[in-house]
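Order of listing sets the numbers, starting from 1, for every ligand and every atom in it. FYI, the numbering just counts along the sequence from 1. No experiment lies behind these values; they were computed from the predicted model shown.
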Amino acid sequence: MVITSETVVRDIAVEYPAAIPVLERFGIDYCCGGKHTLAEACTKGDVSLAPVLDELERQRPDAIAPEAQWQKAPFKEMTDYIVRKHHDFTREQITLIGDLMKKVERRHGTEHPEVIEIGKVFAMISSELTHHFFCEENILFPYIGKMEASQQAMLPPVFGSVEQPITRMMMDHDQAGEELRELRNLTNNYTPPPAACTTWRALYRALEDLELDLHQHIHLENNILFPRALALNNKKQ
Ligand SMILES: [Fe+2]
Ligand SMILES: [Fe+2]
């Protein structure tokens, strides 16, 4: 695949995972906004196209796709991987950030009201994600695993059609994407003030790690797992 300004960002991330750090560095949305062309994504992210293309070109030689396996792997294997690698990490990170957040709010919330705002957005995203993971792990992932294992068309699930929970999950992803952008703005791109204490620095670092992992996680679901599950569902109908 030749990457041009018209290549869809999602395809770049799927075909060349080595490009993901480049997209991250330039702030190009490849998960929720992955359906845009590279040129559109650059305009949206207010970055110039040429350096992005240059950088992507440099990454391509070693772009061996570890994610290519997910285009073919059984769903059960893929969803187990997502839960182990991304859901578990996010849950641990939420606990860690919650503790750091409380300390920073207590010590600095009065002189730095932005810290309180960050705490509110974090509380929102963490409770939404906890519910979201519950739905994926207990309803959607087991269903698509069974759908693949069954040789024939399955009885309609309790939720009507598999399209419904997938659409719902993708709406949650968009919402999480919005909140992550808000956190990035409120934290000045995760740059702590010069006089910030170690806890404050650790908090921003942990939030940024959470953002990166969520981008990769949402990319796997929106761009690989869900389209594959929908394609199988349509074939069975
Ligand atoms: Fe997930
Ligand atoms: Fe998800």
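- Side-chain N or O atoms of Ser48 include none that pairs as donor or acceptor with a backbone N or O of Ala50 at under 3.5 Å.
- Among protein atoms, those of element N, O or S found less than 2.8 Å away from the Fe ion (ligand 2) are His132 NE2, Glu136 OE2, His173 NE2, Glu221 OE1.
- Electrostatic pairing of Arg84 and Asp80 does not count as a salt bridge here, judged by no charged N lying under 4.0 Å from a carboxylate O.
- Using a cut-off of 4.0 Å between Lys/Arg side-chain N and Asp/Glu carboxylate O, Lys120 and Glu117 are scored as salt-bridged.
- Between Glu24 and Arg184, no side-chain nitrogen of the basic residue sits less than 4.0 Å from a carboxylate oxygen of the acidic one, so the salt-bridge criterion is not met.
- Between His86 and His217, the ring-plane angle classifies as parallel under the 30° and 60° cut-offs.
- In summary, the side chains of His132 and His173 do present a donor paired with an acceptor at a separation below 3.5 Å, with no hydrogens or angles considered.
- Residue-level check: among N/O/S atoms of His87, NE2 sits closest to the Fe ion (ligand 1).
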